[in-house]
A.B. asks: 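Below is a structure I'd like to ask you about.
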2 protein chains.
Amino acid sequence: MDHITIKTLAKKLGISTSTISRAFNGSTDINKDTRDRILDYAKKHNFLPNHYASNLRDKKSKTLAVIVPEIVNDFFAQAINGIEEVARKKGFYILLYRTDDVFEKEVSFVNYLNNGKADGIIMSVSGEANDHNYMRALAQKNIPVVFFDRVYEDIDVSKVTTNDYEASFEATEHLIHTGCKRIAYLVVNKSISIGKVRMQGYVDALEKHGIAFDDDLVIDCSQDEKINYSIIKQVLEDIKPDGIFSSVERLAFATLSVCNDMNIAIPNDLKIVSFSSLQIAPLLNPPLSTVTQPAYEMGIKAATLLFDALEKKGQVVPRKHIVLKSKLFIRKSSGG
Amino acid sequence: MDHITIKTLAKKLGISTSTISRAFNGSTDINKDTRDRILDYAKKHNFLPNHYASNLRDKKSKTLAVIVPEIVNDFFAQAINGIEEVARKKGFYILLYRTDDVFEKEVSFVNYLNNGKADGIIMSVSGEANDHNYMRALAQKNIPVVFFDRVYEDIDVSKVTTNDYEASFEATEHLIHTGCKRIAYLVVNKSISIGKVRMQGYVDALEKHGIAFDDDLVIDCSQDEKINYSIIKQVLEDIKPDGIFSSVERLAFATLSVCNDMNIAIPNDLKIVSFSSLQIAPLLNPPLSTVTQPAYEMGIKAATLLFDALEKKGQVVPRKHIVLKSKLFIRKSSGG
DNA sequence: ACATTTGACACAATCGATTGAAGTAATCTT
DNA sequence: AAGATTACTTCAATCGATTGTGTCAAATGT
């Protein structure tokens, strides 16, 4: 047979399309024998009701859009695992989109999602402080959104974040306790939400311990690996910090590379702590002290919040903001 | 306005739905002014033609299903990047599914895809040597499939793999050149395709250099991290190999952990080479020698093959098997 | 024995967009 | 000026499944 539809199936079995449909959708309004006969035949011929036809009727896609800046990153990969875990239990699937931290890509994909391709969206935003009205359009369409980790403060949706301020404070304080006097703060974009909050923790920890804040020690890096390498190299040569607090895993890697090449001894000459959810951080040279976010749990929570909204569709669902705790793992890179 | 459709839009603008549709689909058969008027209005009101309605008509979903064993793994994450790159250029999106190497999950998802949710499938299979007839059903539905890295030999689809045999041979030979006499082979499931081929390279390299193959040195591990840790610990304690060739990145990490804990000096007491696409392999302690697969390029190729098939739909497209080259990076873990 | 409920299924409208064919007005031919 | 083009635009069937309403017979109630 070329192409089976519910209609051809109905003809074949001598029953109506409605009965077939009900067989697939577990209606009670159908005889068990009839249902079995239908399902058996369908299985044998490998038939499933067309997804797009069902969707058109029901306006449910059973699909979640997940938008992240990058995939080659244990934090996001683990978060996606968490999201998928929950989605799978609900019979949902994941439409994945990577923004590369490019604002325009984010906008373009979010706008695309207006067509109903996904029932809900979970995203970690690119973070640009631009006009976020494209996000508001989703609310009009009743497509719930949950932000995780990187959020837009001005958009009223549910959020899952970590205690970035406290964790940064603790990490910085830890470096101070190990004797660091000149701690550099590495950040990719100090103006976006997450960079700002983490920096505040750093700044306040310095102040608490009577260390003057030095703007030269705030190192604003880029998305480009090579540029970062040379920025950091220059910093280590010229500014000579004795501690590094990196708000982003990637910058810690770059720092390790530079130190390798310049023969800077960690932790003796330089101590490092970085935000990172890298599972093999203990295997690095030296083992990297990390502020580790509960990535997987964040994914779970984010998905759970989204389904909360999805299942109460139509009703006004109060936004929630869940804050999970990061954990500081002190390893050799900071003298641990 | 509650809900905009092409119909309500038509009424609003005083034109027919067909004209609207043509405005969106870049038909030449429409006046430029009319089109602009439509598109402007649509943009202002944030309207896009419903995805499911279009799909139902066209039987095109502009979606690619990507099935991988895991996501927290630089190899797969990079491959997904490559796939997404190509897909994006074609205006396609990615439906992501993770099997955790569980055969049943793979079967269940592949069967689900029979409903037309995706136009094509790119997958790295779980590898179980079971009945693969569920794959054949896709062919009937004209849904093209491309395997990458891990393939089923008995399924006739396009494939993208690497020169696993040669790379394994070279890696093993390298260990022999550094003086290893007792090289263990770490594998997760030695009966699946990829484990077998890589092992053959290992075996033949041993033979070429007159080293007797010892079955005790083939270490069949599991999916569970803790179990692997104890298996490997036992091996290092009892069998005392002087070299490790790991066919899977994860097992190399486990080995490094064990060595750390047991104070086994690498590369002096034990040399290691592993298949791995980890970008920070040079930053490990010690820097890990790797057989690195061109993950990103594999994703690109796989997606390209899929689009080849997609664009010639209906016609018989000859299967292709592209073999890319892995590269051996000799680092300190093997004395480099 | 007659009324009522229930079970099992069929009918047909509907979801929102696409598209071949047909229609209409304006422009061009000769 | 009649016919032929050209350039838009509309009409209406169609994609495949879902579901409220309706039907009919059997089961149950009194």
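Every chain is numbered from 1, with letters handed out A, B, ... down the list of sequences.
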A.B. asks: Indicate yes or no: at least one non-hydrogen side-chain atom of A:R88 is less than 4.5 angstrom from one of B:Y97.
C.D. replies: yes
A.B. asks: Starting from C1' on D:dT10, measure out to NZ on B:K7 and report it in whole angstrom.
C.D. replies: 14 Å
A.B. asks: Can a salt bridge be assigned to the pair A:R319 and A:D156 using a cut-off of 4.0 Å between side-chain N and carboxylate O?
C.D. replies: yes
A.B. asks: Taking B:S21 for its side chain and B:T17 for its backbone only, find out whether a donor-acceptor pair lies under 3.5 Å.
C.D. replies: no
A.B. asks: To 10°, what angle do the rotation axes through the five end pairs on each side of the helix from C:dA1-D:dT30 to C:dT30-D:dA1 form?
C.D. replies: 30°
A.B. asks: Looking at every strand, decide which applies to B:T5 at a 4.0 Å heavy-atom threshold: base, sugar-phosphate, or nothing.
C.D. replies: sugar-phosphate
A.B. asks: Going 5' to 3' along DNA chain C, between which two nucleotides do contacts with chain B fall, using a heavy-atom cut-off of 4.0 Å?
C.D. replies: C:dG16 to C:dA21
A.B. asks: Under 4.0 Å between any heavy atoms, over every strand shown, what does A:S21 touch: base, sugar-phosphate, or nothing? Just pick one.
C.D. replies: base
A.B. asks: What is the distance, to the nearest angstrom, from the CD1 atom on A:I30 to the P atom on D:dT19?
C.D. replies: 14 Å
A.B. asks: Send over the distance from B:K32 NZ to D:dT9 C1', rounded to a whole Å.
C.D. replies: 18 Å
A.B. asks: Can you name the nearest heavy-atom pair linking A:Y52 to B:S61, along with the distance?
C.D. replies: OH-CB, 2.8 Å
A.B. asks: Rounded to whole angstroms, how far apart are CD1 on B:I6 and C1' on D:dT9?
C.D. replies: 14 Å
A.B. asks: Taking only Lys NZ, Arg NE, NH1 and NH2, and the carboxylate oxygens of Asp or Glu, determine whether B:R150 and B:D101 approach each other closer than 4.0 Å.
C.D. replies: yes
A.B. asks: Starting from the 5' end of DNA chain D, give me the residue, B:A53 or B:T34, whose nearest nucleotide shows up first.
C.D. replies: B:T34
A.B. asks: When you compare the side chains of B:E84 and B:N81, does any donor N or O come within less than 3.5 Å of an acceptor on the partner?
C.D. replies: no
A.B. asks: B:T19 side chain N/O closer than 4.0 Å to the phosphate oxygens (OP1, OP2) of D:dT10?
C.D. replies: yes
A.B. asks: Would you tell me if any nitrogen or oxygen in the side chain of B:N31 comes within less than 4.0 Å of OP1 or OP2 on D:dT9?
C.D. replies: no
A.B. asks: Does one side chain, of A:E106 or A:Y134, offer a donor that lies under 3.5 Å from an acceptor on the other?
C.D. replies: yes
A.B. asks: Does A:K90 come within less than 4.0 Å of A:E311, counting only side-chain N to carboxylate O?
C.D. replies: yes
A.B. asks: If you look at every strand shown and take non-hydrogen atoms under 4.0 Å, does B:I20 touch a base, only sugar-phosphate, or nothing?
C.D. replies: nothing
A.B. asks: Quick one: which of B:I121, B:L95, B:L310 gives a side-chain contact (heavy atoms from CB on, under 4.5 Å) with B:L64?
C.D. replies: B:L310
A.B. asks: Side chains of B:N50 and A:N115: do they bring a donor and an acceptor to under 3.5 Å?
C.D. replies: no
A.B. asks: At a cut-off of 3.5 Å, list every protein nitrogen or oxygen paired with a nitrogen or oxygen from nucleotides 21-28 of chain D, distance to 0.1 Å.
C.D. replies:
none

A.B. asks: Going by heavy atoms in the side chains, are B:N133 and B:R136 under 4.5 Å from each other?
C.D. replies: yes
